[in-house]
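What follows is a single structure, written as structure tokens, with notes after it.
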Amino acid sequence: MRICVLASGSKGNAAYVEGGGVRLLIDAGLSCRDLERRLAAVGASPDGLDAILVTHEHEDHVRGLDRFAARHGAPVFANEGTAAVVERQCRLSGREAPPFTLFESRVPFALGGLTVTPVRISHDTAEPVAYTLDDGAARLGYFTDLGFVSDEVAAALAACDALVLESNHDLEMLRHSGRPYPLVARIAGESGHLSNDQACEAVARCAAPTLRALVLAHLSEECNQPGVARACMARALKARGLSPALAVAEQSSPLPFLEL
Ligand SMILES: [Zn+2]
Ligand SMILES: [Zn+2]
């Protein structure tokens with residue numbers, strides 16, 4: 001299995017995964033054209049994808065979903081809660097919603113040789129999920145847009161050999177960002193985003209001894225710095241005696257492929 005984080009952050013999220021004989025996207029939060037460009041930049045075809053797995057209906061996760069899915073014939077997978085809201089969003093803006101293949105949160109399903117498990121997370125949307133993908137040899141977790149690390153999330157994290165994990169903000173930078181209080185409270189709250197400290201604490205508490213790779217994701221451009229997030233996580237990993245490959249996902253360009 002291998003993954004390429006095409007884009008990560010509040011302006012758009014998408015990751016491309018190959019494994020178990022299938023090719024898929026997790027989220028399609030860039031415009032159709034940007035998705036095509038970034039896939040081309042990493043040598044992946046936009047055609048013939050086996051799935052687009054949707055985490056939740058926020059614009060930065062579904063911006064190009066309908067257009068890209070229609071243009072390239074990609075099947076779109078979501079739970080009922082997310083699908084219903086995306087359908088409504090499309091209807092309200094006069095666009096055609098993609099046909100959805102529905103799954104149930106918490107119920108693993110097969111996609112070729114991959115086992116996909118949608119993990120329920122806490123975020124301010126209808127039915128948000130994170131995903132784990134298992135090809136029988138390795139398990140990859142994709143955890144962004146979560147307000148806190150629930151027991152369910154902790155258990156799922158602990159079983160992963162590689163993680164894409166939200167490290168959204170530095171709490172002090174967020175508090176001093178000059179943003180209105182309700183927005184600060186939303187981001188830092190239990191239905192918002194994981195701070196650097198929360199991400200570090202989760203890894204220190206739950207990461208598997210076999211963790212081989214960790215990608216910090218969904219960094220706030222205003223309330224975080226890649227160096228700050230990375231240094232925080234490096235300390236947490238060292239304290240736990242882990243030394244996975246550590247990378248920080250970017251908004252503006254794809255990361256290199258991570259091979260598992
Ligand atoms: Zn997001
Ligand atoms: Zn979100």
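In each ligand, atom 1 is the first atom listed, and ligand 1 is the first ligand listed.
Protein atoms that are N, O or S and lie under 2.8 Å from the Zn ion (ligand 1) are these: Asp60 OD2, His61 NE2, Asp145 OD2, His218 NE2.
Side-chain N/O atoms of Asn79 and Ser105 include a donor and acceptor closer than 3.5 Å.
The aromatic rings of Phe77 and Phe109 lie parallel to each other, their planes meeting at an angle below 30°, with 60° marking the opposite boundary.
Pairs engaging residues 74-101 under the salt bridge (Lys or Arg N to Asp or Glu O under 4.0 Å) rule: Asp66-Arg95 [sequence neighbours left out].
Looking at Arg33 and Glu36, no side-chain N of the basic residue comes within less than 4.0 Å of a carboxylate O on the acidic one, giving no salt bridge. Classification of Asp124 and Arg186 as a salt-bridged pair holds, one side-chain N sitting under 4.0 Å from a carboxylate O.
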### Task
Walk me through it: do His56 and Asp27 pass the test side chain to side chain donor-acceptor pair (under 3.5 Å)?
CA-CA 8 Å; His56 65 296; Asp27 285 335; 5.1 Å; no
